[in-house]
Enquirer: 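Sharing a structure here in structure tokens format.
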Amino acid sequence: MYRAESAVGQCKPVERSVSGKALKGHTFKDYEVKAPFECQNICENDPRCVSYNYLIPTRVCELNSKTKEDKPDDFVTDEQRFYMKREEYPDHWTLIARFSNKDQKNWMRDDGLWWYNQDYPIGSRSDPSVNADMIAPAFWYLRGNEFKITRSDDSSHTPLLQTTGNCLGGKTFRSKLTSYGNFRNGKVWSNDTCLGSCFVQYGGQYNSTDGFQQAGCSGELQPNNKIGFWCQWSRGDGSVMMIGGGGSDCSRADHGIGITEANEASFVENDSDPTEYDFGYDAQAEDTPSLSYALNLWVRWSY
């Protein structure tokens with residue numbers, strides 16, 4: 001079993017959802033629902049239910065009378081579903097994306113495709129230890145209330161950062177980020193500001209993780225206990241998600257996830273130097289962030 005972080009910061013043994021997989025041939029009833037967490041409630045109230053599949057596009061719960069451990073041969077790949085075993089705790093996290101500097105700059109493409117338009121999954125969604133970019137259907141389908149970030153080289157999946165205060169507000173991650181504007185194809189996203197932010201708590205190895213260097217600094221853009229969306233400072237750099245403080249006293253704005261040194265914050269670079277990274281502490285070409293691990297992004301379902 002994996003370990004999931006509870007709302008009060010204590011770890012409990014739970015089994016997370018398995019994206020892109022389903023148990024076939026053992027469904028005894030299905031229900032249309034408004035959100036994935038309803039499946040867990042329905043399953044817990046039916047003594048026959050021991051697991052369920054969730055059909056993401058149509059929001060359908062499929063209650064199963066067996067688990068993947070009971071019928072491993074029937075546990076198959078299905079890109080439109082995820083699987084969950086009935087369990088005691090209601091705090092469910094789903095892996096929706098991963099950011100790596102070891103491969104292509106998929107998240108920092110000039111067209112902004114992965115943030116805005118990517119509509120099919122890429123990369124491994126079942127193994128958080130993989131050091132490669134990934135985007136799952138849950139990035140644009142799954143509605144949630146909070147998100148967290150973990151490292152691919154941490155087998156305990158301890159959150160480096162976890163939002164508080166219903167950050168996502170029942171939106172999908174894509175709808176949250178794109179609600180601030182259309183920044184495809186080089187459109188500048190802000191000027192000396194962050195377009196939005198959420199309060200966060202830090203933990204685990206955050207002090208030694210690239211992108212988190214300003215987690216102890218409060219500046220003009222925002223205090224250290226926030227993650228900002230579409231941030232920019234001093235016509236010089238920015239980030240899609242700025243972690244910690246930013247501004248003159250906090251290394252400007254190119255630290256966090258999706259960082260750029262473009263003359264104005266956008267996905268299109270204005271010179272020939274490689275001045276963008278999927279995550280990091282500084283988008284200057286000479287300050288290459290770590291290639292040895294990736295950052296995993298998880299969403300907690302709405303309640």
Side-chain angles (χ1 to χ4, degrees), residues 2 4 7 14-68 71 74-98 113-126 128 134-148 163 165-180 198 296-303:
Y2 296 127
V14 302
E15 179 172 333
R16 294 195 182 103
S17 62
V18 183
S19 297
K21 302 285 275 187
L23 186 68
K24 294 298 181 70
H26 304 285
T27 297
F28 63 86
K29 199 165 187 178
D30 57 40
Y31 295 88
E32 291 186 10
V33 295
K34 294 181 179 180
F37 76 86
E38 295 179 25
C39 298
Q40 182 70 25
N41 294 338
I42 292 170
C43 184
E44 289 175 350
N45 288 318
D46 191 321
R48 298 170 294 174
C49 180
V50 294
S51 72
Y52 60 89
N53 309 313
Y54 182 74
L55 181 57
I56 297 171
T58 57
R59 300 181 186 176
V60 170
C61 300
E62 298 171 338
L63 305 188
N64 301 322
S65 59
K66 301 292 183 182
T67 67
K68 63 182 177 67
K71 299 291 182 179
D74 297 331
F75 191 54
V76 299
T77 298
D78 187 326
E79 301 293 352
Q80 293 188 316
R81 288 172 166 81
F82 65 75
Y83 166 89
M84 174 68 81
K85 183 179 177 181
R86 177 175 174 171
E87 45 84 26
E88 180 180 355
Y89 306 110
D91 193 18
H92 303 310
W93 293 90
T94 296
L95 180 62
I96 68 166
R98 183 163 47 252
L113 178 71
W114 279 41
W115 298 102
Y116 282 91
N117 299 103
Q118 185 68 34
D119 60 1
Y120 61 88
I122 297 176
S124 173
R125 301 177 305 288
S126 60
M134 180 275 287
I135 187 168
F139 186 86
W140 57 88
Y141 279 133
L142 184 62
R143 298 174 184 271
N145 52 10
E146 307 293 355
F147 67 88
K148 67 179 180 180
T163 62
N166 193 23
C167 175
L168 296 178
K171 295 180 178 180
T172 69
F173 203 86
R174 173 170 285 166
S175 64
K176 172 70 173 180
L177 267 292
T178 60
S179 68
Y180 296 105
C198 289
N296 288 303
L297 180 65
W298 309 76
V299 161
R300 189 172 71 188
W301 306 352
S302 297
Y303 283 86

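Heavy-atom basis, side chains included; hydrogens, waters and symmetry copies ignored.
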Enquirer: Indicate the atoms forming the closest heavy-atom contact of Trp114 with Ile122, along with that distance.
Expert: CZ2-CD1, 3.7 Å

Enquirer: Could you measure the distance from the CD atom of Glu146 to the CG atom of Leu168? Nearest 0.5 Å is fine.
Expert: 7.0 Å

Enquirer: Between Ile42 and Lys29, is a side chain to side chain contact (heavy atoms under 4.5 Å, CB included) present by the stated rule, with each step listed?
Expert: CA-CA 11 Å; Ile42 292 170; Lys29 199 165 187 178; over 6 Å; no

Enquirer: When rounded to the nearest 0.5 angstrom, what is the spacing between CG in Leu23 and CE in Met84?
Expert: 14.0 Å

Enquirer: Using a strict SG to SG cutoff of under 2.5 Å, would you count Cys39 and Cys61 as disulfide-linked?
Expert: yes

Enquirer: Report the distance from atom CE of Met134 to atom OG of Ser126, rounding to the nearest 0.5 Å.
Expert: 9.0 Å

Enquirer: Just say parallel, tilted or perpendicular for the rings of Phe75 and Tyr83, cut-offs at 30° and 60°.
Expert: perpendicular

Enquirer: Using atom types as modelled and distance alone, determine if a side-chain donor or acceptor of Arg98 lies under 3.5 Å from a backbone N or O of Ser124.
Expert: yes

Enquirer: Asp74 and Lys66: salt bridge (charged side-chain N to carboxylate O under 4.0 Å, His left out), yes or no, with the steps?
Expert: CA-CA 10 Å; Asp74 297 331; Lys66 301 292 183 182; over 6 Å; no

Enquirer: Kindly compute the distance separating CG (Asp30) from CG (Leu55), expressed to the nearest 0.5 Å.
Expert: 9.5 Å

Enquirer: Hey, what's the ring geometry for Phe82 with Tyr54, parallel, tilted or perpendicular (30° and 60° as the breaks)?
Expert: tilted

Enquirer: Check whether any side-chain heavy atom of Asn166 sits under 4.5 Å from a side-chain heavy atom of Asn145, and report yes or no.
Expert: yes

Enquirer: Look only at the side chain of Glu38 and the backbone of Gln40, and say whether a donor-acceptor pair between them is shorter than 3.5 Å.
Expert: no

Enquirer: Would you indicate whether the side-chain heavy atoms of Thr77 and Lys21 approach each other to under 4.5 Å?
Expert: yes

Enquirer: Given 3.5 Å as the limit, does a donor-acceptor pair link the side chain of Asn53 with the main chain of Ala22, or not?
Expert: no

Enquirer: Do Cys49 and Phe28 touch side chain to side chain, with heavy atoms closer than 4.5 Å?
Expert: yes

Enquirer: Ignoring hydrogens, what is the shortest heavy-atom contact between Cys43 and Arg86? Give both atom names and the distance.
Expert: O-NH1, 3.1 Å

Enquirer: Could you measure the distance from the OH atom of Tyr141 to the CG atom of Asp119? Nearest 0.5 Å is fine.
Expert: 8.0 Å

Enquirer: Taking the side chain as C-beta and beyond, is there a heavy-atom pair between Glu62 and Tyr52 under 4.5 Å?
Expert: no

Enquirer: When rounded to the nearest 0.5 angstrom, what is the spacing between OG in Ser17 and CH2 in Trp298?
Expert: 8.0 Å

Enquirer: Please find the pair of heavy atoms, one from Pro137 and one from Ile56, that lie closest to each other, and give the distance.
Expert: CB-CD1, 4.4 Å

Enquirer: Taking Arg125 for its side chain and Gly123 for its backbone only, find out whether a donor-acceptor pair lies under 3.5 Å.
Expert: yes

Enquirer: If you compare all heavy atoms of Lys85 against all heavy atoms of Ser51, which two are closest, and at what distance to 0.1 Å?
Expert: CA-CB, 3.9 Å

Enquirer: Please identify which of these residues, Ile135, Ile96, Leu142, Asn117, meets the side chain to side chain contact (heavy atoms under 4.5 Å, CB included) condition with Arg174.
Expert: Ile135

Enquirer: Any idea which heavy atoms bring Ala138 and Thr94 closest together, and the distance?
Expert: CB-CG2, 4.0 Å

Enquirer: Tell me, do Phe139 and Trp115 make a side-chain contact under 4.5 Å, heavy atoms counted?
Expert: yes

